[in-house]
Amino acid sequence: MLDRHIVNLDKEKLPFREKIAFLLNGGCKSIFPISIIEDSDGIKGFYKISGYKKLSGFEQMSAGDVLTVLEKTIDAIDECRQYLIFPEEFVIDTDTVYTDSSFKNVKFTYVPSKEDATESRKILKFIDELKDITTESGKLYLNMTGELFAVENLSRTNIRAMLMQMKREINICHIV
């Protein structure tokens with residue numbers, strides 16, 4: 001595994017100075033600490049990602065693992081929100097979401113979002129991307145999960161409960 005990731009950052013999309021300082025110091029454990037360098041080529045962010053692998057680097061995750069990653073991604077988004085880092089302001093995709101080898105920890109590389117999308121829309125798009133790196137069974141469970149997120153008045157607590165129920169079913173029935 002690589003131990004660092006480099007991204008080009010758009011100066012106009014970088015969050016205000018206090019938030020950058022917070023990210024530089026690793027204030028939110030769900031976002032990798034960032035080092036920022038400005039040179040003639042622009043602004044670059046360097047993330048130390050040791051022990052983690054970006055999701056787009058996986059070829060095929062089991063149904064249980066992909067649901068665990070989705071669950072932990074939702075937890076990470078909620079933690080970011082506690083630090084006033086809202087999902088609408090950063091990219092959430094298989095290139096910016098990383099997991100450890102047990103799929104129990106998820107972290108983001110903070111890349112400011114260029115699109116104006118709601119959290120639900122970003123999660124639905126993320127679910128679609130996850131379908132590319134999972135089994136046929138995983139795709140079916142992700143389709144069901146996508147339907148849950150499409151329901152406007154369904155609470156996060158209910159969605160989490162359904163995810164846990166699906167994961168239990170996968171374990172009991174030994175679904176790959």
Side-chain angles (χ1 to χ4, degrees), residues 5-24 26-34 36 42-47 49 52-58 61 63 65-99 103 105-134 138-164 166:
H5 179 72
I6 303 168
V7 295
N8 291 317
L9 300 171
D10 181 357
K11 192 174 195 171
E12 301 301 315
K13 290 290 186 176
L14 286 176
F16 56 90
R17 184 172 297 185
E18 292 82 7
K19 194 171 282 187
I20 286 293
F22 185 73
L23 294 171
L24 287 169
C28 176
K29 70 178 182 179
S30 292
I31 297 178
F32 290 106
I34 184 172
I36 296 177
I43 299 175
K44 291 181 179 50
F46 293 84
Y47 299 93
I49 57 167
Y52 286 79
K53 181 177 178 180
K54 74 174 147 180
L55 295 181
S56 63
F58 287 91
M61 296 171 70
D65 288 340
V66 80
L67 289 182
T68 298
V69 165
L70 179 58
E71 177 187 14
K72 297 303 180 183
T73 300
I74 294 165
D75 291 346
I77 289 170
D78 288 345
E79 182 188 351
C80 291
R81 187 180 289 106
Q82 291 175 12
Y83 292 99
L84 303 178
I85 302 170
F86 301 102
E88 294 83 1
E89 67 188 61
F90 63 96
V91 176
I92 301 170
D93 63 19
T94 56
D95 284 326
T96 62
V97 178
Y98 288 69
T99 186
F103 304 110
N105 295 299
V106 165
K107 289 189 178 201
F108 305 109
T109 52
Y110 184 95
V111 178
S113 183
K114 293 180 181 181
E115 66 178 301
D116 187 24
T118 64
E119 176 182 353
S120 294
R121 207 161 110 215
K122 285 187 174 193
I123 290 175
L124 286 170
K125 185 179 173 190
F126 179 63
I127 288 171
D128 280 341
E129 289 181 9
L130 288 175
K131 291 176 188 175
D132 293 336
I133 58 171
T134 191
K139 290 175 187 174
L140 292 172
Y141 282 100
L142 287 172
N143 284 335
M144 288 187 279
T145 306
E147 294 296 322
L148 294 173
F149 277 98
V151 176
E152 300 259 340
N153 59 354
L154 198 57
S155 75
R156 280 288 172 84
T157 304
N158 289 340
I159 291 172
R160 277 191 179 91
M162 292 298 293
L163 278 171
M164 291 177 80
M166 285 186 241

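Here the structure is a predicted model, which means the values were calculated and not measured.
- We find that Asp128 and Lys125 are not joined by a salt bridge, their nearest charged nitrogen and carboxylate oxygen being 4.0 Å or further apart.
- By the 4.5 Å heavy-atom criterion applied to side chains, Phe126 and Arg121 are not counted as neighbours.
- The heavy-atom pair separating Leu84 from Glu89 by the smallest distance is O-OE1, 4.2 Å.
- Minimum interatomic distance between Ser30 and Cys80 (heavy atoms only, all atoms of both residues): CB-SG, 4.0 Å.
- Looking at heavy atoms from C-beta onward, Asp75 lies out of side-chain contact with Val106 at the 4.5 angstrom threshold.
- Cation-pi geometry between Lys72 and Phe103 is not met at under 6.0 angstrom from the ring centre and within 45 degrees of the axis.
- Among all heavy-atom pairs drawn from Glu115 and Ser113, the shortest one is O-OG, 3.1 Å.
- Minimum heavy-atom separation, Leu124 to Gly146: CD2-O, 3.3 Å.
- Considering only heavy atoms from C-beta on, Arg160 comes within 4.5 Å of Asp78 through its side chain.
- Looking at Leu67 and Leu142, their side chains come closer than 4.5 Å, going by heavy atoms from C-beta outward.
- Taking CG from Leu154 and CD from Glu147, the interatomic distance works out to 11.5 Å, rounded to the nearest 0.5 Å.
- Counting all heavy atoms, side chain and backbone alike, Lys122 lies closest to Phe90 at NZ-O, 2.6 Å.
- With rounding to the nearest 0.5 angstrom, the CG atom of Asn143 is 11.0 Å from the CG atom of Leu148.
- Heavy-atom minimum distance, Glu119 versus Ile77: OE2-CG2, 3.6 Å.
- Between the OG1 atom of Thr109 and the OH atom of Tyr52 there is a distance of 13.0 Å, given to the nearest 0.5 Å.
- Between Phe32 and Tyr98, the angle of the ring planes goes over 60°, which puts this pair in the perpendicular group of the 30/60° scheme.
- The CD1 atom of Ile85 sits 9.0 Å away from atom OH of Tyr83, with the distance rounded to the nearest 0.5 Å.
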### Task
For Val69 and Phe58, run side chain to side chain contact (heavy atoms under 4.5 Å, CB included): C-alpha distance rounded to whole Å, both residues' side-chain angles, the deciding distance at 0.1 Å, then the answer.
CA-CA 12 Å; Val69 165; Phe58 287 91; over 6 Å; no

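- A 4.5 Å side-chain heavy-atom check between Val66 and Lys139 finds every atom pair outside the cut-off.
- The structure places CD1 of Ile123 at 7.5 Å from CD1 of Ile159, a figure rounded to the nearest 0.5 Å.
- For the 3.5 Å distance criterion, the side chains of Asp93 and Thr96 qualify, holding a donor opposite an acceptor.
- Ile49 contributes atom CD1, which lies 15.0 Å from atom CZ of Phe108 (distance to the nearest 0.5 angstrom).
- Ile34 is not listed as a side-chain neighbour of Tyr110, based on a closest heavy-atom distance of 4.5 Å or more.
- Proximity of Leu55 to Thr99: side-chain heavy atoms (C-beta onward) are separated by under 4.5 Å at one or more points.
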### Query
How far apart are the C-alpha atoms of Leu163 and Tyr141, what are their side-chain angles, what is the distance that settles it, and do they pass the side chain to side chain contact (heavy atoms under 4.5 Å, CB included) test?
CA-CA 9 Å; Leu163 278 171; Tyr141 282 100; over 6 Å; no

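- Within the 4.5 Å cutoff, the side chain of Met144 has no heavy atoms near those of the Met162 side chain.
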